[in-house]
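All remarks here apply to the structure that follows.
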Amino acid sequence: MGWTFIENLAQRLKIIPDLDRKRSVGASVPLRTYPDPEHWHDHVELDANAWPEHVERRYSLVPTTCFNCESACGLLAYVDKESGQVAKFEGNPHHPGSRGRNCAKGPATINQIRDTERILHPMRRVGERGAGGWERVSWDEALDEIAAKIRTSLKTGAKDRVVYHVGRPGHEGYTNRILKAWGVDGHNSHTNICSAGARTGYGLWQKHDRPSPDHANAKVILLSSSHLETGHYFNPHAQRILEGMMDGAKLIVIDPRLSNTAAMADHWLPTWPGSESALFLAWARMILERDLYDRDFMENWVNWDMWLDAAHPDEPRTFERFIELLLDEYAEYTPEFAAEECRIPVEQVIEAGEAVANAGSRLCTHVWRSAAIGNLGGWQVARSLHLLNVLTGSVGTEGGTSPNSWSKFKPELFDEPPDPDGWNELHFPPEYTLSHYEMSHILPHLVKDGRGTMDVYFTRVFNPVWTYPDGFSWIEMLENEESIGCHIALTPTWNETAFFADYVLPMGHASERHDINSYATSAGKWVAFRQPVLREYARREGREVEFTHEVNPGEVWEEDEFWNELSWRIDDGTMGIRKHFESPYREGERITIDEYYQYTFERVPGLPEAAAEEGLDALGYMRKHGAFLIEDATYSKHEKEGWPTPSGKQELYSQTMVEFGYPEHAIPHYRIRSHVHPDNLQGEDEYCLLPNFRLPQHIHSRSANAKWLVEIAHRNPIWIHPKDAAKLGVDEGDLLKIETEIGWFVDKVWVTEGIKPGVVGCSHHIGRWRRSQDRGNRFLTNEVVIEDVGEGRMRMRTVSGVEPWKSDDPDTNRVWWRDGGVHQNITHAVQPDPISGAHCWLQKVRLSQPGPDERYGDVEVDTNKSFEYYKRWNEMAKQRETHPRGERRPLWMKRPLSPKKEHWFMPE
Ligand code: SF4
């Protein structure tokens, strides 16, 4: 369509939105000045460094995907044809999720691959575990030694003693297939410190346990998070939130902290942490009272009749009566009640509530981490938030919120080994009947409690010593060779957990590995290919490569080929493992990595046909473009597929909750007050510490080697409101001692009105450390000493902050910042929610001025106290342990790796 001169000018000046922009999600809009893929192998650009000379450089542009958060945005690696090395990364405009755009972390991949301190070769421990001694070994040695240990464990018949614990997965189904081939129930994840709270809330409604908001087409965008600046699907979501806002959508942000997202909002509601459900239920009541609910959706797709049967068997079984009774049930959730609980003005509750109530089918909501992972009962937040979508009929609609699985492509694998023949109680202990994922954050406590040990433990792109709460308990477990026979860290960079491994095996960054990605970043469905770019470049240049480590820096490898190779070596010919690694194309021979991806891409709907149009096969298409749009929009799938719940409907009423011992939570309510609810704090002396907000430039614990990102953000001061600062007598930059249930740390304060009084904040990601014997990450690590002062008490003190150093990269000598922040997580007590199993991140803390011997960065923790504290929380789950029909957990609920059905029942 052509536009008038005035329209064109107005678009260019951004007075009006881009009229060519497709509002649908997945559609990618070609950038006019971007090189066409036909020319990607011979792209010419002027060399910026040679300016003012005009020097041309030739590049091969190879698509891959970013690995620096889950979104897997498209990247284009510029491979310099002269050096054969990657010169830079830019966005891939053909990627339907990211559409050519990236956040700061995408292009910073170049920092990671050029990190002068990166691990280049397999390393084996020398001396005591954790003492810092390492020697270089060959891949052959490492593979044979590890394979022998796994073989020995498997031959005992144990199904729970070889474990893979993942931080950032970034792939689809690959490792579960490996674990099934080995026959172990050995998948552990980080989910219970991340998304398990929200997943439980969503799972109770619809089994699909994640939301996929269609921000671009919304009328009202309601975020209980800071998704415009950080979070899951950050860049893909941010660009669509902005598109929605440009088209007139109102943005409502619920957050006790004035995040950059809240700063952009039409309504910022700084609610007290954990009170969000009260607010959402008050809005639900407003919708019901004003008859603004979507009767058609409610009547046909919600199991309202089951609630009537269970709670009101004597009442008429009519929809009209159901609405009246639901209004009665929610009578207590008035705007005044919500205002009181949230500690915000009632006018704000009503004003924002009006917008929500009138959004109709274009109400787009999202909660991820934040309140849902912060509080005891945080899962209620997601459950009550989704109630707003159900009432307004904005589930699965354009501009509404869909289940994420509708937009996620599930790859078909060349071979599916049988489900594991056992149940791992270290991952799913019997008392956590509804825990949505593995109870990974209490693993050290379960081991200390005598519930089990491991022969072989893989940590994979995972750093619990630093990222998790109570890191000293992790160190205690990792140092004990009776708890863990062999610890193998698969990691692209040194980290605090790898320091306590037996083998450290270098794995590739984004441009050095294969993975399939598909995420619900929008209402479309796409698949993308993370590929090792120098391998693809070699292929384009006609060079044969057998293994990816042949083209990566040093001997850096990738998990995919590593798992295949290891699995082959585990099997001595008697174990039946090798048959799961045979090529689907060449009988009896080992599968190659190209064959693995060829098999899967050949089965992506529409891809072989699109490839054929370009004279390519499916793998060739993905190598060339890096991504493929399978469906442009995935709305209203329930009309064909229904809902995969026991009732086949959206479950307002959960029989599962009733049967598993929680009848008071049969329908969404605000029945659990958070552990940081004002009633649970000791007057004005206790504060709520909000420790789980992200900085947009950082990647949990994988950005300390990315100099550009660290230069932008490298401190984590305590956010404190001026009223609280005055009460405590502290000023900007002063020190504050923050006491948790199990220890304390000393940090500097940042006095700001951007945090609610009574709440203090401290960002995640900063406070990385290394001891004198450790290596790596010097852009962001303080050097520390750790002292065991007896009776379980551990101390950490900063010896020196960040300092410049000489290396092949002149920038390491230009480091100007000195403050590497403070490791707060290690002082946090574990707080497992008895229902969702999620770690409740928010901490009750006492604030005081440090003593004369207490310095900035000091940390102290009592691990005995932390074990006792864990037991108190564990008791909450034990008291309600119920197994209807002997079920360990609801048979219909998800489990990441599912054992054979008989193991879903408690042993006799
Ligand atoms: S949002 Fe940023 S970090 Fe995440 S995949 Fe995209 S570019 Fe990478």
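Order of listing sets the numbers, starting from 1, for every ligand and every atom in it. No hydrogens, no waters, no symmetry mates; every other heavy atom, side chains included, goes into these values.
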Checklist line | Passing option when Thr548 is tested against Glu558, Gln531, Arg513 for side chain to side chain donor-acceptor pair (under 3.5 Å) | finding: Glu558
Item checked: Test: Lys88 cationic atom under 6.0 Å from Tyr78 six-membered ring centre, within 45° of axis -> yes
Note to self: Parallel, tilted or perpendicular, judged at 30° and 60°: which one describes the rings of Trp841 and His828?
What the structure shows: perpendicular
Check: Which atoms from ligand 1 have a heavy atom of Ala72 less than 4.0 Å away?
Finding: 5 (S)
Note to self: Donor-acceptor pair, distance only, cut-off 3.5 Å: does the side chain of Thr521 make one with the backbone of Tyr233?
What the structure shows: no
Note to self: Just to verify, what does Arg118 make a salt bridge (charged side-chain N to carboxylate O under 4.0 Å, His left out) with, not counting sequence neighbours?
What the structure shows: Glu512
Checklist line | Atoms named by residue and atom, protein N, O or S, within reach of atom 2 (Fe) of ligand 1 (under 2.8 Å) | finding: Cys103 SG
Margin query: Strictly below 4.0 Å, N to O, side chains only: are Arg240 and Glu243 in salt-bridge contact?
Written below: no
